[in-house]
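Here is the structure we will look at, set down as structure tokens.
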Amino acid sequence: MAKYLLLKHYRGAPAPVNCVPMDQWSPQEISDHIQYMNDFAARLEKTGEFVDGQGLAPEGAWVRYDGEGRPPVTDGPFAETKDLIAGWMIIDVDSYERAVELAGQLSAAPGAGGRPIHEWLEVRPFLTAHPTITE
């Protein structure tokens, strides 16, 4: 089994077919979308392929070490993950092909008007070994 991250983007990928921003959806459309995600995760729990998943809140900040007791926090000028990443799901599957198959199914989550979004999802394998440094 190999773990993959299915990453949902707000922007940065090609536009989905049903490209209506979530802040323009009705409360029912949002509920239907979240229910689809929950049902999808429940199906994968039954097969043992679901590890974890979360939607992300729009708040966020960049933090780094800047000396003892002084972590600077900034809201830019970096590309903000809060503007780019909507959420994620971790799956543990037998193959890359299965990860792609599940990402395709997740892409069909309903959006505005109850129609599938057909959004692009980033599929990233977990690093399974530390990179070897050669000199």
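Below, each value reflects all heavy atoms present in this structure, side chains not excepted, and no hydrogens, waters or symmetry copies.
- Between the side chain of Ser107 and the backbone N or O of Ala103 there is no donor-acceptor pair closer than 3.5 Å.
- No donor-acceptor pair under 3.5 Å is formed between the side chain of Asn18 and the backbone N or O of His118.
- Within the 4.5 Å cutoff, no side-chain heavy atoms of Asp32 are placed close to those of Glu29.
- Clustering ILVMFWY residues whenever any of their side-chain heavy atoms sit less than 4.5 angstrom apart, transitively, puts Ile30 in the very cluster that holds Val20.
- Of the N and O atoms on the side chains of Thr47 and Glu49, at least one donor lies less than 3.5 Å from an acceptor on the other residue.
- Between the CG atom of Asp92 and the CG atom of Asp52 there is a distance of 12.5 Å, given to the nearest 0.5 Å.
- Using a 4.5 Å heavy-atom cutoff, the side chains of Glu97 and Glu101 are not in contact.
- No continuous path of ILVMFWY side-chain contacts below 4.5 Å connects Ile34 to Tyr36, so the two sit in separate hydrophobic clusters.
- Asp94 has its side chain within reach of Met1: a pair of non-hydrogen atoms, C-beta onward, lies under 4.5 Å apart.
- Tracing side-chain contacts under 4.5 Å through hydrophobic residues (I, L, V, M, F, W, Y), one reaches Val123 starting from Phe40; they form part of the same cluster.
- In terms of heavy-atom proximity, Pro116 sits nearest to Ala108 at CB-O, 3.4 Å.
- Here the side chains of Lys3 and Ile91 are not in contact, with every heavy-atom distance at 4.5 Å or above.
- Connection of Leu7 to Leu121 is not established within any shared hydrophobic cluster, with ILVMFWY side chains joined at heavy-atom distances below 4.5 Å, either directly or through further cluster members.
- Between Tyr4 and Val100 the shortest side-chain heavy-atom distance does not fall below 4.5 Å.
- Contact check for Arg43 versus Phe50: no side-chain heavy atoms found under the 4.5 Å cut-off.
- You'll find the side chain of Phe126 reaches within 4.5 Å of the side chain of Ile90, heavy atoms only.
- A salt bridge does not link Lys8 to Glu122: none of the charged nitrogens lies less than 4.0 Å from a carboxylate oxygen.
- Between the side chain of His33 and the main chain of Gly111, no donor-acceptor pair closer than 3.5 Å is present.
- Residues Leu6 and Arg124 fail the side-chain proximity criterion, which asks for heavy atoms closer than 4.5 Å.
- Within 6.0 Å of atom OH in Tyr96, 12 or fewer heavy atoms from other residues, nucleotides or ligands are found, so the atom counts as exposed in its surroundings.
- Put simply, Met89 and Val93 are part of the same group of oily side chains (I, L, V, M, F, W, Y) that touch within less than 4.5 Å, one to the next.
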